[in-house]
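Order of the sequence lines sets the chain letters (A, B, ...), proteins ahead of strands, with each chain counted from 1. Quick note: numbers below take in every heavy atom, side chains included, and nothing from hydrogens, waters or symmetry partners. Since we're looking at a predicted model, the values are computed, not measured.
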2 protein chains.
Amino acid sequence: MNIGAAAQACGLPPKTIRYYEDIGLLTAGRAANGYRDYGTEDIHRLSFVQRSRSLGFSVAECRQLLSLYTDRDRASADVKAIAEEKLGEIDRKIAELTALRVTLGHLVAHCHGDNRPDCPIIDGLSGDRAGPSKG
Amino acid sequence: MNIGAAAQACGLPPKTIRYYEDIGLLTAGRAANGYRDYGTEDIHRLSFVQRSRSLGFSVAECRQLLSLYTDRDRASADVKAIAEEKLGEIDRKIAELTALRVTLGHLVAHCHGDNRPDCPIIDGLSGDRAGPSKG
DNA sequence: ATAGGGCTTCCAGCAAGGGGAAGGTCAAGG
DNA sequence: CCTTGACCTTCCCCTTGCTGGAAGCCCTAT
């Protein structure tokens with residue numbers, strides 16, 4: 001199976017697959033002509049990484065998960081620890097974005113948004129009620 | 001005012017201020033000794049960018065906001081349009097992270113997290129209920 | 001033989017800076 | 001006067017996770 005077909009199968013672009021090989025995340029065999037050659041187990045791994053990435057795991061975390069995926073004797077607690085850490089990160093990001101949304105939402109709500117220059121958003125970003133001094 | 005003092009005043013690291021100058025976001029005058037020299041208006045602009053960045057605006061957006069900040073005759077609607085676009089982005093990101101949190105939360109909730117190898121998280125990432133085949 | 005696709009490699013670059021080297025400057029202390 | 005140390009300058013490389021492109025090889029079809 002060439003890289004193009006593998007890409008179709010796992011949902012990752014060929015460039016990304018080569019990149020993952022480049023950084024040592026996944027390896028691939030080579031056919032006689034020098035082309036990368038993928039088997040079904042390779043596709044499983046690629047898909048595993050694709051799903052992990054889409055769930056927000058970094059490439060470094062995917063590397064860990066992949067080794068846990070391969071090691072059939074690891075404790076499920078090892079996997080759960082990584083996932084819970086990631087859950088915490090997601091929660092923190094949501095909280096941060098929510099706070100951001102509130103602040104920006106206030107600014108937007110108070111801006112009349114017409115063709116007059118007076119703008120509470122700019123004033124808010126300026127940190128005072130005046131905007132830039134005029135001269 | 002040297003860059004270090006300016007950095008203290010606006011809450012941005014010196015490196016970042018130099019970077020902003022490098023990409024043409026902000027300019028600074030030079031003292032006789034070649035050091036960058038900042039006045040109060042420069043500090044206002046730097047602080048403006050710092051607050052904009054901390055509210056999630058990209059550097060490109062800061063560039064727009066900065067020109068709107070400077071232009072005392074622009075319509076507040078121009079500013080509001082950018083802010084509302086950003087608000088939409090924030091909402092989309094929150095929604096995406098929330099969905100992610102639900103999915104990953106389900107996986108974590110179903111993983112017993114003990115020292116047995118059976119792990120619903122790995123199974124979920126594998127896209128089937130088996131994990132990698134053993135042979 | 002030739003056209004076209006797909007494959008290979010390497011090189012450059014995006015956001016948004018951070019780290020650190022090599023060297024110029026300035027103010028204080030002995 | 002000299003040194004020390006903090007600060008400033010420019011420079012380039014590193015990061016994360018890819019993406020695009022150029023040059024060139026391989027394979028298939030006609």
More 5' along DNA chain D: A/Tyr20 or A/Ala32, using each one's nearest nucleotide? A/Tyr20

side-chain hydrogen bond (donor to acceptor under 3.5 Å, both in side chains) against A/His112, all qualifying residues, sequence neighbours excluded: A/Asp114, B/Ser76

Side-chain touch A/Arg63/A/Ile23, heavy atoms, less than 4.5 angstrom: yes

Backbone of A/Ala75 reached by a side-chain donor or acceptor of B/Asn115 within 3.5 Å: no

Quick check: does any side chain N or O of A/Arg74 sit under 3.5 Å from a backbone N or O of A/Leu68, one acting as donor and the other as acceptor? yes

Under 4.0 Å, heavy atom to any atom of DNA chain D: which of residues 91-99 of chain A qualify? none

Any donor-acceptor N/O pair, B/Asp37 side chain to B/Ala31 backbone, under 3.5 Å: no

How large an angle, rounded to 10°, do the end axes of the helix from C/dA1-D/dT30 to C/dG30-D/dC1 enclose when each is built from five base pairs? 30°

Any pair counted as side chain to side chain donor-acceptor pair (under 3.5 Å), so long as it reaches residues 95-107 of chain A, sequence neighbours left out: A/Arg101-B/Asp91

For the pair made of CG in A/Asn33 and C1' in C/dG5, what is the distance, rounded to whole Å? 14 Å

Could you please spell out the steps behind the side chain to side chain donor-acceptor pair (under 3.5 Å) verdict for A/Arg45 and A/Thr70? CA-CA 9 Å; A/Arg45 288 165 170 280; A/Thr70 303; 2.9 Å; yes

Answer yes or no: is there a donor N or O on one side and an acceptor on the other, between the side chain of B/Glu61 and the main chain of B/Ser58, under 3.5 Å? yes

Tell me whether B/Thr16 contacts the main-chain N or O of B/Leu12 through its side chain, where contact means a donor paired with an acceptor under 3.5 Å. no

Should B/Leu100 and A/Leu100 be regarded as members of a common hydrophobic cluster, given that ILVMFWY residues are connected when their side-chain heavy atoms come within less than 4.5 Å of each other, either directly or indirectly? yes

What is the distance from CD of B/Gln50 to P of C/dG17, rounded to the nearest Å? 11 Å

Does A/Lys93 reach the main-chain N or O of B/Leu97 with its side chain, forming a donor-acceptor pair under 3.5 Å? no

Does anyone know the first and last nucleotide of DNA chain D in reach of chain A, 5' to 3', at under 4.0 angstrom to a heavy atom? D/dG17 to D/dC27

Polar side-chain atom of B/Glu84 near backbone of B/Ala81 as donor-acceptor pair, under 3.5 Å: no

Can you give one letter per nucleotide of nucleotides 7-14 of chain C, going 5' to 3': B for a protein heavy atom under 4.0 Å from the base, S for sugar-phosphate only, - for none? SBBB----

Any donor-acceptor N/O pair, A/Lys86 side chain to A/Phe57 backbone, under 3.5 Å: no

